[in-house]
> 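Below are the structure tokens for one structure; questions will follow.
Just so we're clear, the structure is a prediction, and the values are computed from it rather than from any experiment. Worth knowing before you read on, the calculation uses all heavy atoms, side chains too, and leaves out hydrogens, waters and symmetry mates. Start at 1 with the first residue, then count along the sequence.
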Amino acid sequence: MNKPSIYGLTIEQLTAWLGERGHKKHRASQVWEYLYRQRVAAFADMTELHPSCVQLLEEHFVIRTLEEHVRQESADGTIKFLLRLADGNLIETVLMRQKYGLSVCVTTQVGCNIGCSFCASGLIKKSRDLTSGEIVEQIMKVQFHLDGKQQGEKVTHVVVMGIGEPFDNYDNLLDFVNIIKHHKGLAIGVRRITVSTSGLPDKIKDFADSGLPVNLAISLHAANNDLRTRIMKINRAYPIEQLMEAVEYYLKKTKRRIMFEYILLRDVNDQQEHALELAALLQDKQRLASVNLIPYNPVDEHSQYQRSEQESILVFYDTLKKQGINCTVRMEHGTDIDAACGQLRSKQIRKNTA
């Protein structure tokens, strides 16, 4: 059996684990310093640790479990990493250069069962959840890449929007967030972490109750049940009324903003009537809601969907604005590589099985 990644432990969990084995509390802080500040590649490099502690860690954990399988680099600085897990499965992680810093998009599951009809991630069904360590290590993999450039760059923002449904891997997601935000580790500010969900109402409420003040994004893509069910299979189980009831709970509980993600599909959900419908749905949430309009990256297997015309995007945006809805059009990244989420992975798997 493969040993788990040390990155999967919160500092509290590591402190308790070491304490149960006779080591003092400060050992955990030392280990974290080596892992996240000095970013060592082997336990043997933790030279100030007592040898017995080093040996104990080596016996029970590993540091690096992910291998780079393919790397695609875009002219705009976006880098998509196809990473191989210890069990041979492939996942995607993306580094995006933004005006405000360096953002990493992480994956939370091997495959996806949500069933969005436009998405490359769902082309291959979910086989398992990622551990918290495997999610954290995606950030570290990108940071090691940046360290190798020797330009002093650091990951500043994290979006949990890669392959899989984060709230379907809820406990590991929470551990991941608690690990990367901790001031003794990567110290990524909670306001710089965004979690995206397709809309699991019970988990949205749990997330509100968790007290984690990170950003929440909802993949909406349609404002009525008939259209959303056609686009997103999950709407059969959790129709818009249930989703919005959970959103209302979240807003009242946290007083924090929610971003609604809306992928624009030509002649499907991008007409002015759809914009007016969306504005009506969010009208009573104007103060705490914003809409992120996303131009579609076409996927070969979903040829029924095409990118909206620029004029349609502008009309949709203007309509929302005139209705008092705060909205933006997402800046595109990596359009000259396999930009769509899951696209590189599905292509590689098809290539390997051909």
> Is the shortest distance from a Lys or Arg side-chain nitrogen in K141 or E68 to a carboxylate oxygen in the other one below 4.0 Å?
no

> I need the full list of salt bridge (charged side-chain N to carboxylate O under 4.0 Å, His left out) pairs touching residues 106-117, with sequence neighbours left out, sorted by first then second residue.
none

> CG/L57 to CZ/R27 distance, rounded to the nearest 0.5 angstrom?
10.5 Å

> Are the side chains of L173 and V195 in contact, using a 4.5 Å heavy-atom criterion?
yes

> Of all heavy-atom pairs between Q242 and A237, which one has the smallest distance, and what is that distance?
OE1-O, 3.7 Å

> Only counting residues at least two apart or in another chain, list the ones meeting ring-ring contact (aromatic ring centres under 6.0 Å, His included) with Y317.
none

> Between E261 and N292, does any side-chain donor sit less than 3.5 Å from a side-chain acceptor?
no

> Can you tell me how far the CG atom of L220 sits from the OG atom of S198, to the nearest 0.5 Å?
11.0 Å

> Would you say that more than 12 heavy atoms from the other residues, nucleotides or ligands in this model lie under 6.0 Å from the NZ of K321, or not?
yes

> Looking only at atom types and distance, does a side-chain atom of T156 sit under 3.5 Å from a main-chain N or O of L102, one as donor and one as acceptor?
yes

> Take T197 and E165 through the side chain to side chain donor-acceptor pair (under 3.5 Å) test and state the conclusion after the steps.
CA-CA 6 Å; T197 176; E165 165 53 60; 2.9 Å; yes

> Show, in sequence, the C-alpha distance, side-chain angles and deciding distance for N169 and N172, and conclude whether the side chain to side chain donor-acceptor pair (under 3.5 Å) test is met.
CA-CA 6 Å; N169 189 10; N172 286 324; 3.0 Å; yes

> Are L314 and I294 linked, directly or through other ILVMFWY residues, by side chains that come within less than 4.5 angstrom of each other?
no

> Only counting residues at least two apart or in another chain, list the ones meeting side-chain contact (heavy atoms from CB on, under 4.5 Å) with S210.
Y170, L174, F207, L212

> Return yes if a side-chain donor-acceptor contact under 3.5 Å exists between E59 and Q55, otherwise no.
yes

> Report the C-alpha distance between L216 and T194 in whole Å, list the side-chain angles of each, state the deciding distance to 0.1 Å, and finish with yes or no for side chain to side chain contact (heavy atoms under 4.5 Å, CB included).
CA-CA 6 Å; L216 179 63; T194 300; over 6 Å; no

> Is it the case that E92 and T107 place a side-chain donor and acceptor less than 3.5 Å from each other?
no

> Donor-acceptor pair, distance only, cut-off 3.5 Å: does the side chain of T319 make one with the backbone of V315?
yes

> Could you check M96, Q72, H145 and say which one makes a side-chain contact (heavy atoms from CB on, under 4.5 Å) with I79?
H145

> What do you reckon, are the aromatic ring centroids of H274 and Y262 less than 6.0 Å apart?
no

> Between CD of Q271 and OG of S308, what distance do you get to the nearest 0.5 Å?
8.0 Å

> Would you call K25 and E12 a salt bridge, taking side-chain N to carboxylate O under 4.0 Å as the test?
no

> Donor-acceptor pair, distance only, cut-off 3.5 Å: does the side chain of R84 make one with the backbone of L90?
no

> Does a sphere of radius 6.0 Å around CD in E67 hold more than 12 heavy atoms from other residues, nucleotides or ligands, not counting ones at 6.0 Å or beyond?
no

> What's the shortest heavy-atom distance between Q109 and G164, and which atoms?
OE1-CA, 3.3 Å

> Between L320 and L293, is there a side-chain heavy-atom distance shorter than 4.5 Å?
yes

> Quiz question: by atom type and distance under 3.5 Å, do the side chains of N269 and R228 form a donor-acceptor pair?
no

> Do Y249 and F167 land in one hydrophobic cluster if side-chain heavy atoms of ILVMFWY residues count as linked below 4.5 Å?
no

> Distance-only, no hydrogens or angles: does the S5 side chain make a donor-acceptor pair with backbone N or O of Y7 under 3.5 Å?
yes

> Please determine whether side chain to side chain contact (heavy atoms under 4.5 Å, CB included) holds for the pair V247 and L251, giving the CA-CA distance in whole Å, both sets of side-chain angles, and the decisive distance to 0.1 Å.
CA-CA 6 Å; V247 165; L251 294 175; 4.0 Å; yes

> Find out if a path of hydrophobic residues (ILVMFWY) with successive side-chain heavy-atom gaps under 4.5 Å connects I218 to L281.
yes

> Filter on salt bridge (charged side-chain N to carboxylate O under 4.0 Å, His left out), then keep only pairs touching residues 235-256, sequence neighbours left out; what's left?
K205-E245, D209-K253, E248-K285

> May I ask you to decide if L278's main-chain N or O and Q323's side chain share a donor-acceptor pair within less than 3.5 Å?
no

> Which of parallel (below 30°), tilted (30 to 60°) and perpendicular (above 60°) describes W17 and F61?
perpendicular

> Under 3.5 Å, is there a donor-acceptor pair between the T65 and E137 side chains?
yes

> Taking a hydrophobic cluster as the set of Ile, Leu, Val, Met, Phe, Trp and Tyr residues connected by side-chain heavy atoms closer than 4.5 Å, whether directly or through intermediates, do V62 and L49 fall within one such cluster?
no

> Looking only at heavy atoms, what is the nearest atom pair of I204 and G199, with distance?
CD1-CA, 4.2 Å

> Run the side chain to side chain donor-acceptor pair (under 3.5 Å) check on S290 and N326 step by step: do they pass?
CA-CA 5 Å; S290 62; N326 182 36; 4.6 Å; no

> So which heavy atom on I258 is nearest to which on F260, and how close?
CG2-CE1, 3.8 Å

> How far apart are the closest heavy atoms of A86 and N2, and which atoms are they?
CB-ND2, 3.8 Å

> Mind listing the closest non-hydrogen atom pair of K125 and K233 along with its distance?
NZ-NZ, 4.1 Å

> Between R71 and F81 (side chain of the first, backbone of the second, donor and acceptor by atom type, cut-off under 3.5 Å), is there such a pair?
no

> Mind running side chain to side chain contact (heavy atoms under 4.5 Å, CB included) on V214 and V177 for me, showing each step along the way?
CA-CA 9 Å; V214 303; V177 172; 3.8 Å; yes

> Taking atom OG of S132 and atom CD of Q13, what is their separation to the nearest 0.5 Å?
7.0 Å

> Please list all pairs passing the side chain to side chain donor-acceptor pair (under 3.5 Å) test where one or both residues lie in residues 31-42, with sequence neighbours left out.
R39-D147

> Whether the side chain of T131 engages the backbone of E134 through a donor-acceptor N/O pair (distance < 3.5 Å, no angle test) should be reported.
yes

> Strictly by modelled atom types, are N235 and T229 linked by a side-chain donor-acceptor pair under 3.5 Å?
yes

> When rounded to the nearest 0.5 angstrom, what distance separates CG in D45 from CG in L35?
11.0 Å

> Distance alone, cut at 3.5 Å: any donor-acceptor contact between the side chains of Y305 and S117?
yes

> Could you pull out all residues at least two apart from H157 that satisfy ring-ring contact (aromatic ring centres under 6.0 Å, His included)?
Y100

> I need the Q30 CD to L18 CG distance, nearest 0.5 Å.
10.0 Å

> If the threshold is 4.0 Å, N to carboxylate O, is there a salt bridge linking K203 and D168?
no

> So with a 6.0 Å cut-off around CD of E311, is the heavy-atom count from everything else above 12?
no

> Is D129 reaching over with its side chain to a backbone N or O of T108, donor-acceptor style, under 3.5 angstrom?
no

> Does L227 share a hydrophobic cluster with I313, counting links as ILVMFWY side-chain heavy atoms below 4.5 Å and allowing steps through other members?
yes

> Is there a donor in the side chain of N224 and an acceptor in the side chain of E277, or the other way round, less than 3.5 Å apart?
yes

